[in-house]
Amino acid sequence: MFEAIVQSTSIPVLEQVVRFSQARHTVLAGNLANLHTPGYRVRDISVEDFQTRLREAIEARRTSSAAPPRGAGSTAGLAENSPGLTENWPALTGILPETGKHAIPEKPGVPLAEVARQSQSIVYHDDSNIAAEQQITEMVKNQLQHNMAVALLASQFRLLQTAISERV
Amino acid sequence: MFSAIDISTSALVAQRIRMTAISGNLANLSTTHNEAGELAPYQKRHVVFETDESIGRGGAAGVRVASILVDDSPPRLKWDPGHPDAIREGPNAGYVAYPAIDMMTEFTDALAVARAYEANLGAIEVAKDLVQQTLRILI
């Protein structure tokens with residue numbers, strides 16, 4: 001029953017965001033660790049791919065929750081309407097492009113995207129293409145995204161707590 | 001999450017080994033004898049890194065020292081016929097063979113090591129923050 005309540009909130013979504021950003025931090029830390037490794041190519045987990053799949057999973061959950069009619073006072077519908085997120089996670093961890101070519105998506109009409117793409121392809125004299133500044137920026141952005149998700153997660157749990165205790 | 005800290009630590013260790021090699025190169029800037037006492041100028045050490053896939057999971061990689069190469073470039077010759085280690089005969093007679101070490105190169109390498117070390121320390125701080133923030137959910 002409690003699982004059904006949790007599944008009806010944004011907690012599963014936020015959980016995936018937290019897991020994703022922790023996994024991505026590990027990859028970015030690996031990039032920084034190999035700052036002086038000859039021949040090392042930047043690695044990344046595609047944020048775009050993750051967001052696309054997360055959106056698909058959320059939409060799948062929404063459509064399936066809209067389908068079964070919910071009886072008054074029954075939570076049965078809630079329990080069954082959470083197919084997407086946790087099942088989709090194994091697929092999400094698979095997004096690991098071996099080079100940095102997905103790090104900045106090529107989108108026409110996005111200002112600075114072309115500049116960023118070109119600066120990504122610069123290979124230094126030791127055959128490595130890592131730019132420390134870029135990696136640190138990505139790491140900080142990832143950290144902020146993670147902390148935002150955690151803060152939202154904590155507030156979701158606080159709301160549940162308030163509802164359970166019936167006290168503000 | 002802890003593998004991120006392990007990865008950054010592997011970089012700290014590797015960079016410190018590189019720093020040790022640089023210190024050794026600078027310390028032996030004027031060494032003309034080897035450890036056996038024979039007349040042979042010190043040869044510069046290069047530390048080479050390689051990725052260490054065994055540390056991280058899911059595509060992330062750490063770093064380790066692949067090898068320490070000995071520089072076999074010809075020694076720097078300095079005219080000093082009165083020196084006890086001066087070359088006695090041949091075309092270079094009267095010269096002293098000093099290690100082929102450029103002090104400026106060593107210092108810039110040392111700076112690069114220091115910056116990389118700091119960057120990895122920063123990455124560890126971020127990893128710690130991620131864990132601490134996650135624990136905040138409990139409160």
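Just so you know, these numbers use all the heavy atoms, side chains as well, and skip hydrogens, waters and symmetry mates. So you know, we letter chains A, B, ... as the sequences are listed, proteins then strands, and number each from 1.
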Asks: Picking from N34(A), L35(A), T37(A), which has the most non-hydrogen pairs under 4.5 angstrom with chain B?
Replies: N34(A)
Asks: Is D71(B) salt-bridged to K44(B), cutoff N-O under 4.0 Å?
Replies: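 Looking at D71(B) and K44(B), the cut-off is not met.
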Asks: Identify which part of E53(B) has an atom lying under 4.5 Å from any heavy atom of chain A, answering side chain, backbone, both or neither.
Replies: side chain
Asks: Quick check: closest heavy atoms across T31(B) and N28(B), and the distance to 0.1 Å?
Replies: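 Closest pair (atom of T31(B), atom of N28(B), distance): OG1-OD1, 2.8 Å.
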Asks: I'd like to verify something: which residue of G39(A), G30(A), A33(A), A29(A) has the highest number of heavy-atom pairs under 4.5 Å with chain B?
Replies: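 Going by pairs under 4.5 Å, I would pick A33(A).
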Asks: Please confirm whether the backbone N or O of I5(B) pairs with a side-chain atom of S8(B), one donor and one acceptor, at under 3.5 Å?
Replies: no
Asks: Ignoring hydrogens and angles, state whether a donor on the side chain of Q133(B) or R136(B) is under 3.5 Å from an acceptor on the partner side chain.
Replies: yes
Asks: If I measure from the heavy atoms of chain B, does L32(A) come under 4.5 Å with its side chain, its backbone, both, or neither?
Replies: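 Answer is both: backbone and side chain atoms of L32(A) are under 4.5 Å from chain B.
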Asks: Do any of residues 14-23 of chain B have a heavy atom less than 4.5 Å from a heavy atom of chain A, and if so, which, in residue order?
Replies: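 Within residues 14-23 of chain B, the residues under 4.5 Å from chain A are Q15(B), R18(B).
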Asks: Which residue is it: L54(A), V47(A), D49(A)? I am looking for the one with a side-chain contact (heavy atoms from CB on, under 4.5 Å) to Q51(A).
Replies: V47(A)
Asks: May I ask you to name which of I137(B), L130(B), I7(B) has the most heavy-atom pairs under 4.5 Å with chain A?
Replies: L130(B)
Asks: How would you list, in number order, the residues of residues 141-152 of chain A that have a heavy atom less than 4.5 Å from chain B?
Replies: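 Only Q143(A), H146(A), N147(A), V150(A) of residues 141-152 of chain A have a heavy atom under 4.5 Å from chain B.
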Asks: Specify whether F20(A) and F50(A) have parallel, tilted or perpendicular ring planes, treating 30° as the upper limit for parallel and 60° as the lower limit for perpendicular.
Replies: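 Answer is parallel, since the angle falls under 30°.
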Asks: If only atom types and distance count, is the side chain of R43(A) paired as donor or acceptor with the main-chain N or O of G59(B) below 3.5 Å?
Replies: yes
Asks: Is the closest side-chain heavy-atom distance between L77(B) and I87(B) below 4.5 Å?
Replies: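 A side-chain contact exists here, since the closest heavy-atom pair is under 4.5 Å.
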Asks: Relative to each other, are the rings of H83(B) and Y98(B) parallel, tilted or perpendicular (30° and 60° limits)?
Replies: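 Aromatic pair H83(B)/Y98(B) classed perpendicular.
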Asks: I'd like to know if E56(A) pairs up with R53(A) as an ion pair, taking the criterion as any Lys NZ or Arg NE/NH1/NH2 lying under 4.0 Å from an Asp or Glu carboxylate oxygen.
Replies: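 Looking at E56(A) and R53(A), the cut-off is not met.
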Asks: For D52(B) and V63(B), what are the C-alpha separation, side-chain angles and deciding distance, and is it a side-chain contact (heavy atoms from CB on, under 4.5 Å)?
Replies: CA-CA 5 Å; D52(B) 186 356; V63(B) 67; 5.7 Å; no
Asks: Go through A66(B), A112(B), S10(B) and name the one with the most non-hydrogen pairs under 4.5 angstrom from chain A.
Replies: A112(B)
Asks: Hey, does V126(B) have a side-chain heavy atom less than 4.5 Å from the side chain of H25(A)?
Replies: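 Yes. Closest side-chain heavy atoms under 4.5 Å.
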